[in-house]
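Since the structure is predicted, the reported quantities are computational estimates derived from the model, not experimental observations. Lettering follows sequence order; numbering is per chain, from 1.
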Amino acid sequence: MINVTKKFGSVVAVDHVTLNVNHGEFFTILGPSGCGKTTTLRVIAGLETPDSGRIFFDDEDVTDYPPYMRESGMVFQNYALWPHMNVYENVAFGLKIRKVSKDEIKRRVKEILELVKLEGLEDRYPHQLSGGQQQRVALARALIIQPKVLLLDEPLSNLDAKLRVEMREELKMLQRKLKITTIYVTHDQEEAMVISDRMAIMNEGRILQIATPREIYMKPRNLFVASFMGKSTIIYGKVVNKLRKYVEVECKNFRIKGVTPYEDLKVNVGDKVACIFRPEFFKLKEESDEVNSFDGIVESFSFIGSIQEVYLRVGSARFIFEVDSSFNLNIGSKLRIYIPYEKTVVLPV
Amino acid sequence: MSIKFKLIRLLKRLLPHFDPFIIFQSAVSLFFFIFLLILPLSSIVLRAFLYKGSFSLYWFQSILTNKYFLSLSPKGGKLFEIYGDTLYVWGLDYGIILNSLIIALTVATLCSILGIVTAYIMAKYEFPGKTVLRIGLNIPMLATPFVNAYVLSKLFHPKRGIINVLLYDILHILPYRVDVNGFAGIILAQTLSYFPIVYLNVLSSIISIDPSLEEQAENLGAKGFTLFRKIILPLSLPGIMAGFTVTFIFSMEDLGAPIGFIGYSGNPLAKKVMSYYIFQSFSEALRGQISPETATLSIILLILSLSGFMLIKKYVSLRTYATISKGSRWSSKVKKPRRIGLLLILAFIIPLVIFASLPQVGVFILAFTDWVTSGIFPSKLTFEYVNQLLTPSVRTAMFNSLTYSILAVLIAVFIGSNASYVVSRVKSSIANILDILSTIPISIPGIVLAVGFFLFFTSYFRGTVLDPLVDPSILLILAYSIRRLPFAARSIFAGLQQVHISLEEAAMNLGANRLHTFIRIVLPLISINIFGGAILTFVYSMSEVSTSVTLGSLRGDRGPITFYISQVVYGSVVVGAVSVGAALCVLLILLQVIAISISNYLLKQRFSIFGM
């Protein structure tokens, strides 16, 4: 999709969005609620008409196609199963519309229900199914038409936590097996990272970064992406020195060395910047070091399992970092932590 | 970009929801409203504003300066005057325009007072016999056209009326015989049959007030009348407004009460209202023309009732209605009154229910006894009148009514589903217009619509099947369908509100176009609402009065039952014929009870904004 904009009244829901999803890819649009990700999906499905921009499926411009000509298969957040039809009728609907022969419909419905592990439930009505089963019916109904692209609108958000993780894995396996191009919309960053080949981070109608989950986590392009993806400590400052390998940033209480993640994100001496530290890159350190070391007092800590999460008060700033779960912590005790400059991301503000 | 795409894009820009099916639905609905509402009403405007071939206010001037139409000092009538042993309560004649207005305002005020008090009692208090009284409060609303007013005028006859005989001659409670007739009679008949409309509207408003709002006020020290005045009254204002306005409009367009009173007592004062004047001019219409005075008066009546509608538009639109009609989410707080309170409540509500049900009770007595000829009291049971329902002329009327109503239902449901679908699914000015058009027929006096139909179809369709002078059947069907459309549209709209839009989107996403989606997904899901709405449309078509007795009078063998009843009540020379009319009303009552029960059961809807 190229340069798509969609407004609702004066609200710009989708703001000049350009996306390119590859064949067979699991692509996720991630963003907080109200960021325009669902609208983007609906524009792709043809359920909303964009104000400007074009949408292509392969080389075919589908922008002016009504939804029923797009050959996209969508799974709605509330599943949108038709309450007056049973599982079989729900799943067979797309084929009936396409005037597929009765025998073939029978065969394909059977096949797809086996695929989503719903065999034997053909005669049930939606209200007789559990949430997870309803979700599978919705998936089967979308898959059976062999859509050019599978569109998933927060399909797991109505399931309980345990089921959500199970379905997530299943969905991923199914997608790999069918090699179907998939666009997945969610606000859950953990879900997005686990499931996607590539992802787009969206906020206030704009795409902020498109990359693999790893790259987005390690090398966020912007402050929103950095703070939305995972936990981090953010310290603001001013660039005082710029070298080939790193930049030096002067903050209120300390001086920080860090790197800018992308060539095109240039910072100059005097620019205001933000330094981002991921909690797992901190190391505990005894001896003194001039830069990227911080002395502080343990404010609180919580035991997560494999690690402990510690909040360290350093002057007016509060750092979050992780230590091994065997480490003995006490509230109020002094600690010194260190982070290498390669792991410190400096972003223009 | 190909030319085709350019064209589509252009269309999309002009119509943001470009979709052939939606356009078809909007076009069909708009055509229906333009052809059956806007053009006929415009024909009246044309007739009223044309004088000697050019635009002029001549007719308005001539009417408004004519003492017959408008007089600032009374020119006849009796208001609380005593002659001999009789107290005459008739009302004063200020010319037919003011008469109608005064009657309508009085009726709306009386209905509001009775309705609000009744609603408050029923919503807030628990007392023995409440269920019976609740059902009883629905009785006055059962339509028994003409005969109800006939019964009242028979009951209040100064010499032979049961009420006077009982209270003056036998029990000596009243110091005088009371003769309620003329305008006072109309007010009495209308108030008794319309106050439950206000009651139901206000009840549904009170019940949907979040009890915590009340509790908060009580917590802050408000109680009793202060609580009622400061919290309950303002919050139930939508129901009161809607009830007041609807009773006002119903009163102005009503023909049943004037004709019923004239029918029994022959008092000419009851003739001096706008609806009756317009009705009467249809006897000239047989000769092919309707006078400019009638057209002008119709416009005045239309303006009065439309301004009432504009006042409450936001409460009665489809979009608002659907949220109100769901009824209450809370269970409202109900109190047990203390002994004195209980006595007061019962002393108010029991006589009210009994008195308001008298017309309906009287209808049964007329139908099954010899009351019509026996004098003061009925003397024996008889099935003579019920048997007369089988005579050819009555059978023809019943056949006509059934045919018209069934066909009208089909049209109303078809247009109602299309218009409601556009209103519920599209955000555009067309949807807003359709919303108004689907509700506005409630406020258009049937008698005005009849004039419009007559003028429009005799002028532009002369000699065709649509010419009422050739055959009024088709026009009656169309008139029923548009007058009762709001019942169908509201019920269907409420159903559409329950169908989540994603159910349709899922179908379209899987390759079904709008038409397929509408037929395979939407219609099955709202079938119950369609059926419920159809039933209501049917019974209110069967009991339709205004166009039935006007357009229906243009050809005797095409008249529906309400026309037949009006004939026997108004001027039948056949002794006892009124009782045949009453027997027909009994049939109508049965039909209404069955239909409304089914509809309420299906729609699981306890209240509706018009109390119907």
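The neighbour count for A:R164 CZ, taken as heavy atoms of other residues, nucleotides or ligands under 6.0 Å away, is above 12. The environment of CZ in B:F531 is sparse: at most 12 heavy-atom neighbours from other residues, nucleotides or ligands sit within 6.0 Å.
A:Q133 places a side-chain N or O within donor-acceptor distance of the main-chain N or O of A:S130, the cut-off being under 3.5 Å. In this structure a side-chain-to-backbone donor-acceptor pair under 3.5 Å is present from A:R70 to A:I44. A:Q175 places a side-chain N or O within donor-acceptor distance of the main-chain N or O of A:I180, the cut-off being under 3.5 Å.
Taking the side chain as every heavy atom from C-beta outward, A:L156 and A:T186 never approach each other to under 4.5 Å.
Of the N and O atoms on the side chains of A:D61 and A:T63, at least one donor lies less than 3.5 Å from an acceptor on the other residue.
When each of A:V75, A:I145, A:I144 is checked for heavy-atom pairs under 4.5 Å with chain B, A:I145 comes out on top. The greatest number of non-hydrogen atom pairs below 4.5 Å with chain B, out of A:M74, A:K96, A:E71, A:Q77, is found for A:M74. The most heavy-atom pairs under 4.5 Å with chain A, out of B:I501, B:L510, B:V499, come from B:L510. Of the residues considered (A:A142, A:S72, A:A45), A:S72 shows the highest number of contacts with chain B, using heavy-atom pairs under 4.5 Å.
At a 4.5 Å heavy-atom cutoff, the contact between A:R141 and chain B is made by backbone and side-chain atoms alike. Contact annotation for B:L503: both backbone and side-chain heavy atoms come within less than 4.5 Å of a heavy atom of chain A. For A:L95, no part lies under 4.5 angstrom from a heavy atom of chain B.
With respect to A:D64 and A:R54, a salt bridge is recorded, a charged nitrogen being found less than 4.0 Å from a carboxylate O.
The stretch residues 412-420 of chain B places none of its residues near chain A, where near means some heavy atom under 4.5 Å from a heavy atom of that chain.
Across A:R107, A:K106, A:R108, A:E114, a single residue satisfies side chain to side chain contact (heavy atoms under 4.5 Å, CB included) together with A:K110, and that is A:E114.
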